[in-house]
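Working notes, structure below.
Counting convention: from 1, in listed order, for ligands and their atoms alike. Just so it is clear, the structure is predicted and the values come from calculations on it, not from any experiment. Computation of the quantities below employed the complete heavy-atom set of this structure, encompassing side-chain atoms and omitting hydrogens, waters and symmetry-equivalent molecules.
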Amino acid sequence: MTDFTQFPASFTWGVATSAFQIEGAWNVDGKGPSIWDTFTHTPGKIIDGTTGDVACDHYHRYPEDVAIMAGLGVDAYRFSMAWSRVQPQGKGAWNEAGWDFYDRLLKELESRHIDAHVTLFHWDLPQGLQDEGGWLNRDTAYHFATYAAEVARRFGNRVKTIATHNEPWCTANLGYGNAQFAPGVADLKQSVQVSHHLLLSHGLAMSAMREVGSTAQLGIVLNQWTADPATDSEADRAAAAFEYARSVEWFMDPIFKGHYPELALRVYGDNAPVVEEGDLAIIHQKIDFMGLNYYFRSFCSTETPPRQPECKLGKTDMGWEIYPDGLTELLLKLHAAYALPPIYITENGMANPDTIVDGEIADEARIDFVLRHLKALNDARLQGVNIQGYFLWSLLDNFEWNSGYAKRFGIVHVDYATQKRTLKHSAHWYRDYLIQQRPQKTANAA
Ligand code: FCB
């Protein structure tokens, strides 16, 4: 991959992380436990038996991490706030020491002229709310809106964007559908109801933040994929249509059209969610931006064992097919179906079995992956999709949920025993690539 794709000077270049995956300090300075603390402390839930107790120790090392970002020359940093750090129980008293941490982080970013893009919920629900039913309890949506408004009140004029949720699909389907993620429930009916409460909470939080008033753009981050039938058989095509309906349209239709997709409702039957009068109007309100996380496509086969995709470009260390064309297809499909706001690609990247050899981490595969996806998103951009920026997942190797520390997504390597950070080849490449994209900016910053 040698082509150079020139992006507009206004394009935002960033890196992304999330609180639970990097912060550590799980019980420090008044932080309450989250469902991911509980889940990781339960034997058997995480493949390598690890926890997020220390993770990348970003809570204490954030100045070093922000300095690394400044060295890379990124415009923007996407991170999430740990709700239970600022409101230990998820309702009631605020924890000022928790707010102070995010204030310090923002100051550090401001001093480096790096824009902050905040996510309110990247899966780490306060355990106190889980004890009262978690996202299955409708009240949680209202507590979330209170938290959202408080973030907007305190920080809304200091951050560029606020996303309500990161990938609500995962909370619903992995947290409640197949028990891979916290809180570890496997129950279709619950998972569908949870997805509705997550969407409701998004809408309630949007209104609550609008009432506060701030300069931040407000939106949501969704993980999406195209769903391709493995063969032309009717069964595979039906499976693909349902997969797209339950994963993409399930979140897009209520937000942009004010209703759930009929196909999914029909297939769910009795498992369809309880939706109260007025809920869909709350969910269906203007958002200023949409974040899109793209990693792979869905390949739908009804055969046993399921037919596998060809994987012409190979697979990542997660076993995920490398399929950049899917990003172009997805963006064009969304553009045709919805009146989209500006889009940020809020996550894209790959796990690679990186090792340090003579102080170097030669992750050329990751560079190739990113370049191919940048080309794919630019193809969609040139066909009219309004894409404003790209956030590489991830700045650092980090706690990859139920895979623990076994999977490395960072462009910066972390030695978890010493917390030493080492730039991988991809980090050096990203820095040089950003200089090529906007020599003026980097020269000014130097
Ligand atoms: C996404 C998550 C992110 C990270 C990447 C690899 O689904 O949002 O936290 O785990 O996958």
- Item | Close-contact set for ligand 1 against Phe409 heavy atoms, below 4.0 Å | 6 (C)
- Taking distance alone, with no angle check, do Trp123 and ligand 1 share an N/O pair under 3.5 Å? no
- Query: Which protein non-hydrogen atom lies closest to atom 7 (O) of ligand 1, naming both residue and atom, and how far is it?
  - Reply: Glu167 OE1, 2.5 Å
- Task: Assess Arg85 against Phe101: is NZ or CZ under 6.0 Å from the centre of the six-membered ring, and within 45 degrees of the ring's axis?
- Result: yes
- Message: So that I know where these two stand, are Trp250 and Trp169 an aromatic pair - ring centroids less than 6.0 Å apart?
- Response: no
- Message: With a heavy-atom distance limit of 4.0 Å, tell me whether Asn166 approaches ligand 1 through its side chain, its backbone, both, or neither.
- Response: side chain
- Message: Less than 6.0 angstrom from the centroid, inside 45 degrees of the normal: does Arg78 satisfy that with respect to the ring of Phe391?
- Response: no
- Task: Can you measure from CD1 (Ile22) to CZ (Phe399) and round to the nearest 0.5 angstrom?
- Result: 13.5 Å
- Report yes if some N/O of Trp320 lies less than 3.5 Å from some N/O of ligand 1; otherwise report no. no
- Measure the CG-CG distance between Leu340 and Leu334 for me, rounded to the nearest 0.5 Å. 6.0 Å
- Can you sort out which atoms of ligand 1 are near Trp401, meaning under 4.0 Å from one of its heavy atoms? 3 (C), 4 (C), 9 (O), 10 (O)
- Query: Given side chains that start at C-beta, do those of Arg381 and Phe7 come closer than 4.5 Å, heavy atoms only?
  - Reply: yes
- Query: In ligand 1, which numbered atoms sit nearer than 4.0 Å to a non-hydrogen atom of Gln21?
  - Reply: 3 (C), 4 (C), 9 (O), 10 (O)
- Cation-pi between Lys315 and Tyr323: NZ/CZ under 6.0 Å from ring centre and within 45° of the ring axis? no
- Message: What I want to know is whether His122 and ligand 1 share at least one N or O pair that is separated by under 3.5 angstrom.
- Response: yes
- So which protein heavy atom does atom 10 (O) of ligand 1 come closest to, and at what separation? Glu400 OE1, 2.7 Å
- Item | Minimum-distance protein heavy atom relative to atom 5 (C) of ligand 1 | Tyr295 OH, 3.3 Å
- Query: Which protein non-hydrogen atom lies closest to atom 1 (C) of ligand 1, naming both residue and atom, and how far is it?
  - Reply: Glu347 OE1, 3.1 Å
- May I have the step-by-step check of side-chain hydrogen bond (donor to acceptor under 3.5 Å, both in side chains) for Tyr405 and Asp48, ending in yes or no? CA-CA 7 Å; Tyr405 297 97; Asp48 61 2; over 6 Å; no
